[in-house]
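Structure record follows, encoded as structure tokens.
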Amino acid sequence: MTFEVKILGSNSASFAFSRHHTSQLVNSNQNLFLVDCGEATQIQLLRYQVRYSRINHIFISHLHGDHYLGLIGLIFTYQLQGRTDELHIYGPKGLDEIITTQLKYSDSRLNYSLQYHEISNGNQLLFENEDLKITTLTMDHRIPCFGFVFEEKLRKYKLNRDILPQHFTKEQLMDLKDGKDVIDSDGKIWLYSDLTTPPNAPRKYVYCSDTRFSNSIIENVIGANLIYHEATFLNEMQARAETTFHSTAQEAGRFASIHNAKQLLIGHFSSRYFDTQPFLVEAKLEFENTVLAVEGHTIEVLPIQPIKVKEKHVEVINR
Ligand SMILES: [Zn+2]
């Protein structure tokens, strides 16, 4: 199942060196979720040939302009293109009012339904379908700011059709897929572990928006397959990172390390830096498996390993 992150914007406060404001596209089994929507997001969606009419859910981490100023443009573009599908927007208090005011003073009425969901705290469930759930994290920033945890659900066991007996009922097949043993009409116990292949462990992608670094462990982040963490500054500006409620690349690496992540993605680079390679070098001081957010690149949220199955044993019940 597809689970990947496409980088649309990788820079902080202002455009620089062909880098744009923060935005990412998360693809979970062909459902597209837009995460933050900086000013040039529409242009980036076009540049990377994303069919953005398929985006039905947009998540805004906070109301600093480099994270949401592209949103109203996208809302109007959808209107011009004749969108009819519902659009769900998730963001902190105030964003609803900003959107409503812009629509009001341009005397615009949308042809599609825009559903606003206010984020008020960390660990808030925002979205859920059969593949995935999305919850919030509280960031340590100058204004209310939230991260997002994209967490896959445990998938069903796959039936091994080559060795599967023919006499099972539909219900028994469902039980096997759910990881339950079944008893046939002769009283024989069939172990799901003999007849199925285990699914991969559910994957987790954690998006940490603007934040000051903290040594505290966030339970819902532990063991993430991929963490995105902002890295606005290099170590030389650690004091400034602290006072502006941002992080350095090395701090991003430490965050990934203390949370036992599998991979780290860093971005939100300050416009004062032309070359982003030093960010990689500094993050790797703490966490080796780090990659830079590069616009247009897609990073797969890699699986770890199949989940463990019970010890195999065979039993026959005498009736
Ligand atoms: Zn910010």
Side-chain angles (χ1 to χ4, degrees), residues 5 7-17 19-26 33-41 44 58-74 89-99 117-122 124 126 134-149 205-214 216 218 221 227-235 237-256 264-273 276 279 283 292-293 295:
V5 180
I7 306 300
L8 300 170
S10 62
N11 221 42
S12 64
S14 37
F15 302 127
F17 315 116
R19 302 194 302 260
H20 302 81
H21 287 166
T22 299
S23 187
Q24 299 184 359
L25 191 74
V26 176
F33 303 94
L34 190 66
V35 183
D36 279 335
C37 188
E39 200 177 325
T41 299
Q44 296 293 84
I58 301 176
F59 300 83
I60 301 295
S61 64
H62 67 300
L63 296 184
H64 282 153
D66 54 331
H67 291 258
Y68 89 96
L69 284 178
L71 181 61
I72 195 73
L74 191 57
I89 295 175
Y90 307 78
K93 184 177 169 60
L95 182 57
D96 187 22
E97 189 182 337
I98 292 168
I99 296 167
H117 308 265
E118 185 173 302
I119 305 173
S120 52
N121 56 279
Q124 185 178 338
L126 298 181
I134 304 171
T135 52
T136 57
L137 290 176
T138 305
M139 303 282 98
D140 184 13
H141 202 40
R142 276 175 294 152
I143 59 172
C145 181
F146 298 94
F148 304 107
V149 179
Y205 171 55
V206 177
Y207 175 85
C208 293
S209 192
D210 292 9
T211 191
R212 190 155 61 173
F213 172 74
S214 158
S216 320
I218 307 170
V221 178
I227 292 177
Y228 165 82
H229 197 285
E230 72 121 298
T232 308
F233 298 106
L234 292 173
N235 265 338
M237 301 204 69
Q238 202 281 328
R240 182 155 174 78
E242 180 82 17
T243 56
T244 56
F245 290 78
H246 284 293
S247 303
T248 66
Q250 188 166 352
E251 287 171 334
R254 201 171 308 146
F255 184 88
L264 171 66
L265 169 67
I266 54 172
H268 199 264
F269 309 117
S270 165
S271 308
R272 59 175 50 76
Y273 301 104
T276 53
F279 286 85
L292 294 171
E295 294 175 14

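Only this structure's heavy atoms are used, side chains among them; waters, hydrogens and symmetry mates stay out. First listed ligand is number 1; within each ligand, the first listed atom is number 1.
Of all non-hydrogen atoms in Val35 and Val26, the two that sit nearest each other are CG2-CG2, 3.9 Å.
Applying the ring-ring contact (aromatic ring centres under 6.0 Å, His included) rule to Tyr68 yields no partners; only residues at least two apart in sequence or on another chain are considered. Under the rule for a ring-ring contact (aromatic ring centres under 6.0 Å, His included), the partners of His246 that lie at least two apart in sequence or sit in another chain are His141, His268.
A cation-pi arrangement is absent between Arg19 and Phe269 under the rule of less than 6.0 angstrom and at most 45 degrees off the ring axis.
Applying the salt bridge (charged side-chain N to carboxylate O under 4.0 Å, His left out) definition to pairs two or more places apart or across chains, none involves residues 61-71.
Gln238 and Gln250 share no side-chain donor-acceptor pair at under 3.5 Å.
Sorted by chain and number, the protein atoms of type N, O or S within less than 2.8 Å of the Zn ion (ligand 1) are His62 NE2, His64 ND1, His141 NE2, Asp210 OD2.
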